[in-house]
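Whatever order the structure lists them in is the order used to number ligands and atoms, beginning at 1. By convention here, the first residue in the shown sequence is residue 1.
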Amino acid sequence: MSWKIKALKKSPWVFHVNTGACNNCDIEVVACLAPKFDVERFGIKLVGSPRHADALLVTGPVTAQAAQRLREVYKQTAKPCVVFALGACGCNKGIMANGYHVVGPVDKIIKEVDPNAIIAYVPGCPPKPEAIISGVVQALSAI
Ligand code: SF4
């Protein structure tokens, strides 16, 4: 097992990307970091740059405005990395599916850049913090 995979499994550093979410999913991500759920105790840490990240937490259905930014952020993230598509919008565009401005979902945009990208899905509208934490832990243990 390479040191990068070991680090990814033991203490994944994550970068949060909003690609047009209504912000409810983002509030649940913040709740994961707050003292009640405190994901840092599991080594999961939010970082300010994709260059420092092992995983991307992506919310939203990916709007036309956000698509190119998501591609660039993915390219900047150290590989191997895991992309978490959070919420119904991240998984399959959710209630925003018929929006004129929506070009996602997340997996479609990421696979344009890297067909072998590792993508995990955490459904819910919004997913509860428990679901987000469980999804991250399950996906990382499956690697
Ligand atoms: S999944 Fe629901 S809560 Fe999350 S961004 Fe979409 S509409 Fe908002």
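If you number the atoms of ligand 1 from 1 as listed, the ones under 4.0 Å from a heavy atom of A21 come out as 5 (S). Each of the following atoms of ligand 1 lies closer than 4.0 Å to a heavy atom of G124: 1 (S). Ligand 1 places these atoms under 4.0 Å from at least one heavy atom of A88: 1 (S).
Within a 6.0 Å sphere centred on NZ of K111, heavy atoms belonging to other residues, nucleotides or ligands number more than 12. Counted within 6.0 Å of CD on Q68, heavy atoms from surrounding residues, nucleotides or ligands total more than 12; the atom is thus considered enclosed.
Shortest contact from atom 4 (Fe) of ligand 1 to any protein heavy atom: C25 SG, 2.3 Å. Looking from atom 3 (S) of ligand 1 to the surrounding protein, the closest heavy atom is N24 CB, 3.3 Å. What sits closest to atom 8 (Fe) of ligand 1 on the protein, heavy atoms only, is C22 SG, 2.3 Å.
For the pair K128 and F37, the cation does not sit on the ring face, since its NZ or CZ is not both under 6.0 Å from the ring centre and inside 45° of the axis.
Between the R41 side chain and the D38 main chain, a donor and an acceptor come within less than 3.5 Å of each other. A donor-acceptor distance shorter than 3.5 angstrom exists from the side chain of D54 to the backbone of W13, with no hydrogens or angles considered.
For a distance bound of 2.8 Å, the N, O or S atoms of C89 include one lying that close to atom 6 (Fe) of ligand 1.
Rounding to the nearest 0.5 Å places SG of C32 at 8.5 Å from CG of L86.
Counting only non-hydrogen atoms, the option in C125, P126, G94 that gets closest to atom 7 (S) of ligand 1 is C125.
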